[in-house]
There are 2 protein chains.
Amino acid sequence: MRPSPPPVPHHKRTGRPRSADADRAILEATREALVELGFGGLTLGDVAARAGVAKTTLYRRWPGKNELVVDAVAALFEERLELPDLGSLRADIQGVVLRFAELLNMPETRTALMAVVAEATSDEPLRRRIRDAIVDRQKHLVLLGRMRAQERGELPPDDGTEDPGRDDMIFDVVAGSVVHRVMVSSEPVDEEWADRLALLLVAGIGGLHAA
Amino acid sequence: MRPSPPPVPHHKRTGRPRSADADRAILEATREALVELGFGGLTLGDVAARAGVAKTTLYRRWPGKNELVVDAVAALFEERLELPDLGSLRADIQGVVLRFAELLNMPETRTALMAVVAEATSDEPLRRRIRDAIVDRQKHLVLLGRMRAQERGELPPDDGTEDPGRDDMIFDVVAGSVVHRVMVSSEPVDEEWADRLALLLVAGIGGLHAA
DNA sequence: CCAGTTACGCTACGGCTCGTAGCGAAACCC
DNA sequence: GGGTTTCGCTACGAGCCGTAGCGTAACTGG
């Protein structure tokens, strides 16, 4: 599994190499255009002009707008989303919720993420691209958070009877709640809200184990 | 508050009235086109042709694609989303989750909802339209569910110290989790998953009250 | 019944974006 | 240097957008 930035570089080690600078400039220009124009108003011709690159160059590397935007946004998630170790499950959840909300509040991600997910409903390759570049990284954080909580004794250790879909549900609840709060309800995710969500989840997870 | 179907009918009772048949035909054609082409591929010219209506007629009633799609989808939510009374909070939540997931699995809503919400991030009037036509109706269900649970004695009655944002959070968690499960994780919301989410929430809400 | 008003279908248009093709020049490997 | 691939540039047909103009249809008030 190679990292995503060079999108389709199945080189054969001959000929003129693709410019890494161009890649960076294009992705940066894409984020810039997203801020100013939104997803709907973004045109590939405009992105090429901003990046100081010919439109044809852009089409040689990305199939279309959707894929380009996914890659442009994915870099932000890679850089900024991590799980802080704050000493308790509740605090860890609060922390990651706040970081995730911060990401969603950036104008280049707000409009881009939803639009791309929407397009992906009828586009399987795009769905995989989103999964690889963004979703899987987030999902990993749930696993990490649970393992930490088990080490602390906040959650019972695995005994072999766990439902493998349990972490997946927690992931959907955490990510989905934050996205919905920010994008649909258009209300802020502050420390208080994040803490209350964390409290709800900690209590709820306890209830799942008791059942 | 008039119902939404006739979009901008500030009549003055004179002249030829707008055809209600045309409204229905346009909204129906929009849903049909959404299924076949998705949001991105949908064009207003195509919708007009399907509806047997001139393109200009369509533009006289809706400002653009986004608003048209919101109205086309809103009708489905009005018809099909309700809160069944199943005897317990847990069962009620499971029931509404399943109904909501069923709606999200319809091809005309899958792609349309997310795309419209994405566009709305940089379009305040569109955001209000979505709120009025879709979100507020869902939010009301949370209130109804809580009141039923209080009557049953499953939740303590209000004592005046409630946080008014509590219902809002529950709403974001329920709707967001389902949307994320269906749209991002692309995995099914079956009875088992819905029940486990309901269990998580019931336990979590109990934890909120205890704190 | 007729004049006024509004909606309708139709056609046509300029403007924009798309995605591709063709060219010569540049950069890299053997 | 020869082969190969990428680059920037220009140009192009195609499609959709949103609007204007026109004659006609439907409904209302006098």
Side-chain angles (χ1 to χ4, degrees), chain A residues 5-30 32-34 36-69 111 115-116 119 123 125-126, chain B residues 5-30 32-34 36-69 115-116 119 122-123 125-126:
Chain A
V8 185
H10 36 61
H11 280 274
K12 294 178 182 58
R13 304 178 175 284
T14 175
R16 174 176 178 173
R18 289 195 171 169
S19 162
D21 288 343
D23 269 330
R24 278 191 297 272
I26 291 171
L27 293 177
E28 176 61 32
T30 303
E32 189 183 307
L34 277 173
E36 292 180 23
L37 310 170
F39 181 84
L42 184 147
T43 72
L44 294 196
D46 183 53
V47 170
R50 288 170 190 266
V53 162
K55 200 171 54 163
T56 43
T57 298
L58 213 156
Y59 275 103
R60 284 191 197 98
R61 306 185 183 200
W62 283 276
K65 180 156 91 167
N66 296 330
E67 292 80 2
L68 174 62
V69 169
T111 182
V116 163
E119 294 288 323
D123 184 336
L126 182 61
Chain B
V8 185
H10 36 60
H11 281 273
K12 294 178 181 59
R13 306 178 173 283
T14 174
R16 175 176 176 172
R18 290 196 171 168
S19 161
D21 288 341
D23 270 329
R24 277 192 297 271
I26 291 171
L27 293 177
E28 176 60 32
T30 303
E32 189 183 307
L34 277 173
E36 292 180 24
L37 309 170
F39 181 84
L42 183 146
T43 73
L44 294 196
D46 183 53
V47 170
R50 289 170 189 264
V53 163
K55 200 171 54 164
T56 41
T57 297
L58 214 158
Y59 275 101
R60 282 191 197 101
R61 306 186 183 199
W62 284 276
K65 179 157 93 166
N66 295 331
E67 292 80 2
L68 173 62
V69 169
V116 164
E119 295 288 321
S122 52
D123 185 336
L126 182 61

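Chain letters run A, B, ... following the sequence lines, proteins first and then strands; every chain starts at 1. Values below: all heavy atoms of this structure, side chains included; hydrogens, waters and symmetry mates excluded. Model, not experiment: these values are computed from the prediction.
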How long is the line joining [atom1] of [X] and [atom2] of [N], in whole Å?
X       : N      : atom1 : atom2 : answer
A:Leu58 : C:dT17 : CG    : P     : 15 Å
A:Trp62 : C:dT20 : CH2   : C1'   : 19 Å
B:Ile26 : C:dA7  : CD1   : P     : 13 Å
B:Asp23 : C:dA7  : CG    : P     : 12 Å

Contact string for nucleotides 16-23 of chain D, one letter per nucleotide 5' to 3', B = base within protein heavy-atom range under 4.0 Å, S = sugar-phosphate only, - = neither, reads SBBBB---
Gap separating the [atom1] atom of [X] from the [atom2] atom of [Y], nearest 0.5 angstrom:
X       : Y       : atom1 : atom2 : value
A:Arg60 : A:Arg18 : CZ    : CZ    : 8.0 Å
A:Leu44 : A:Thr56 : CG    : OG1   : 12.0 Å
B:Leu58 : B:Thr30 : CG    : OG1   : 6.5 Å
B:Thr43 : B:Lys55 : OG1   : NZ    : 8.5 Å

Among D:dT5, D:dG8, D:dT6, the nucleotide that comes nearest once only the side chain of A:Arg18 is considered: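 From the listed options, D:dT6 comes nearest.
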Testing the basics here: between A:Leu34 and A:Thr111, what is the closest heavy-atom pair and its distance to 0.1 Å?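 Taking every non-hydrogen atom into account, O-CG2, 4.3 Å.
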Closest approach of A:Asp123 and A:Glu119, non-hydrogen atoms and distance? CB-O, 3.6 Å
Below 3.5 Å, does any donor atom in the side chain of A:Arg16 face an acceptor in the base of D:dT5, or the other way round?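 By the distance-only test, no, there is no pair.
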Pick base, sugar-phosphate or nothing for B:Gly41, based on heavy-atom distances below 4.0 Å to the nucleic acid.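 Nothing, no nucleic acid heavy atom in range.
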Can you check whether B:Thr57 has a side-chain N or O nearer than 4.0 Å to OP1 or OP2 of C:dG9? yes
